[in-house]
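Single-structure report; data block below.
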Number of protein chains: 2
Amino acid sequence: MKKSGQATINDVARLAGVSKKTVSRVINHSPLLNEETRERVEKVIAEIGYVPNPQARALALRRNFLIGLIHDNPNPHTVLNVQQGLLEVLRDTEFELIVHPVDRGSPTMLDDIRRFVERQRPFGVMLLPPISENDSLAALCAEYGARYVRMGSAAFDDAEHMVASNDREAVRGAVTHLIEAGHRRIGLVLGPHGFRSAFERQQGYEAALHDAGIPVQRTLTAQGDYTFESGMRAAERLLDLSPRPTAVFSSNDTMAAGVLHTARQRGLDIPRDLSIVGFDDTSIASQIWPPLTTVRWPIATMARAAALKLIDEEDADDAGESLFVSTLVRRASVAAPAE
Amino acid sequence: MKKSGQATINDVARLAGVSKKTVSRVINHSPLLNEETRERVEKVIAEIGYVPNPQARALALRRNFLIGLIHDNPNPHTVLNVQQGLLEVLRDTEFELIVHPVDRGSPTMLDDIRRFVERQRPFGVMLLPPISENDSLAALCAEYGARYVRMGSAAFDDAEHMVASNDREAVRGAVTHLIEAGHRRIGLVLGPHGFRSAFERQQGYEAALHDAGIPVQRTLTAQGDYTFESGMRAAERLLDLSPRPTAVFSSNDTMAAGVLHTARQRGLDIPRDLSIVGFDDTSIASQIWPPLTTVRWPIATMARAAALKLIDEEDADDAGESLFVSTLVRRASVAAPAE
DNA sequence: TTGTACGCGTTATCAG
DNA sequence: CTGATAACGCGTACAA
């Protein structure tokens, strides 16, 4: 190293007696390189502890070694789990995670994202629902040469760009579980309008009823927006019904906790007076009382897979898994209806 | 703009008829500039929509316009709230947030962080507890010219580098609340060893007992590690005691939820048979049944303040608030002891 | 297979 | 106050 700071590619070149281009080739694993030369250079690199400067690389390559997480997801658990999954595979790589929340609903959202991608030039971008469903976002990433992976409740892009769960089938199984326990009047707390996940879960609910020959009644469906409070409000509507539903499927755990809360306030016993099934298997599901029967959404696994798609060498050919199955977790919030 | 991409500083210089250094001065708000020249340049900038390239700036300045969040915090809610607070002020600035979790306990943690700071050259760094208590981390940031702010349960650095809450006083108040409700046998679920927050909260607990002339009994203290499961285990130990404590202060909400869970499993009624007070006011506190009396830790506010310290123009002089008060939130988990 | 010369877009130096 | 010119550290034609 020359003066104060860090060793540069020039130092390595000088010490190894080669040109800096050769060092550059070593760094970037160029295939056309004399093995002997490579080893000599690598030895010097290791000796002086040289590490390429990311800023200079970014300038020359017009690409940063950053993975962007772009989202407007209202569910903290989802976001956090995704982050953890992503970071798990990014750790020990040269990539760092840059979190960029946006405001869907804002008319400038697309511009915001464009500026982000244009300026930061991330190597790859992870798109979370619900904005992951927006095709122009994906196009935008492609336009700037950023890899992207979209997360969703159904496959709506190529395997290379997609990690999807099959929410419809999972919910169908969950509601069938309720039916097999003897329930016929089953409420649905729907997710927010415009969310693909809300739609898929609704479809699963209706499919299960259909399978069992139970007619779908609109009054048994209450609108929610994935928040605890909306779950409480939905429960108030549902529990005012006469006859009351004996079970409720809630499109996520947070709302299910809200349903449980309201039911409790009304003096109902769970699961005796009301069975509840949620979706996500977030921590709250196992921490409330009684523990919630729910659908385990393998979100961290999906995030890990997404990270691999984003940074992996191989292009396109073997994109890895892109469909992940959710499974029912049976706990104490479901019982047979009280006669 | 010349060819395909974005306009550069050269385009601006050419169109404005000045040198690019002058444009650079405009961008960086250099004070020594002819007002007329400045206006002309700014006009051109606005017209062609020029935006400086962050990569080039980073290379020349040896400093990225990124704020790093370095942490090894076991509590997802804490991390997420900090992120939200940070992002709230970073939004609409040129800064982005880069999240870098580390592994305390790993012998290479300091090296990991050094490499991160050395390579990414973040403009500023936010350090979360418990690693924020590590002075060598702070020194490391300073060494690389990165601003830093440490978050903690007590002030252990200059105002400029600190956002602190006064946990001790807050817990003292919370436990006093229990005492005033008539409790004398009050259990403590302690936080993990080596955490300043755990220590401060314990001190607050003991101070409150002392104020009331109640002797501190070691058997009434159970070790926890801030996880739900550790709260359950702590409760098992505490509830096996004879006579049983009539109330428990838990050093965070997650463990308090664990205590509540275990108490429930044993058929205890909350708050009739056991009063519980938590700490944090995370979402679970208001979502479990009964809603938890807890100490509201203004963590998002602290994070916002930290972000301002990190990016604000003024140096040192007016560093803004650095001490934040936590307040007791009274809900339904506390009652007078059953005679 | 390797090296030379130059470009990436910005800031710093130091003269005018 | 302003402008040539040289960094900043690395990648890429293209030549050797």
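As the structure is a prediction and not an experimental result, all values here were calculated from the model. Protein chains get the first letters and strands the later ones, always in sequence-line order, with residue 1 at the start of each. Just so it is clear, the values below take in all heavy atoms, side chains as well, and ignore hydrogens, waters and symmetry mates.
A search for salt bridge (charged side-chain N to carboxylate O under 4.0 Å, His left out) contacts involving A:R114 returns A:E143, not counting sequence neighbours. A search for ring pair (Phe, Tyr, Trp, His ring centres under 6.0 Å) contacts involving B:H77 returns A:H77, not counting sequence neighbours.
Residue whose closest nucleotide on DNA chain C sits further toward the 5' end, between A:G17 and A:L59: A:G17.
With the end axes of the helix from C:dT1-D:dA16 to C:dG16-D:dC1 each set by five pairs, the angle from one to the other reads 30° at 10° resolution.
Closest to the side chain of A:N34, from the set C:dG9, C:dG3, C:dT1, is C:dT1.
Residue pairs meeting the ring pair (Phe, Tyr, Trp, His ring centres under 6.0 Å) criterion with at least one partner in residues 108-132 of chain B, sequence neighbours excluded, are B:F65-B:F123, B:F95-B:F123, B:H100-B:F116. Screening residues 71-89 of chain A for salt bridge (Lys or Arg N to Asp or Glu O under 4.0 Å) gives A:D72-A:R104, A:E88-A:R304 as the qualifying pairs, with residues at least two apart or on separate chains.
OP1 and OP2 of D:dG9 both lie 4.0 Å or more from every side-chain N or O belonging to A:T8. Listed pair B:T37 / D:dC1 fails the phosphate criterion, with no side-chain N or O lying under 4.0 Å from OP1 or OP2.
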Exercise for review: Please step through side-chain contact (heavy atoms from CB on, under 4.5 Å) for the pair A:I131 and A:M109, ending with a clear verdict.
Suggested key: CA-CA 10 Å; A:I131 61 168; A:M109 184 188 80; 3.9 Å; yes
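Looking at A:R63, its side chain does come within 3.5 Å of a backbone N or O of A:P122 through a donor-acceptor pair.
Between A:N10 atom CG and C:dG3 atom P there is a gap of 13 Å when expressed in whole angstrom units.
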Revision key, fill the gap. Its contact letters, B for base, S for sugar-phosphate only and - for none at protein heavy atoms under 4.0 Å, make nucleotides 11-16 of chain D read BB----
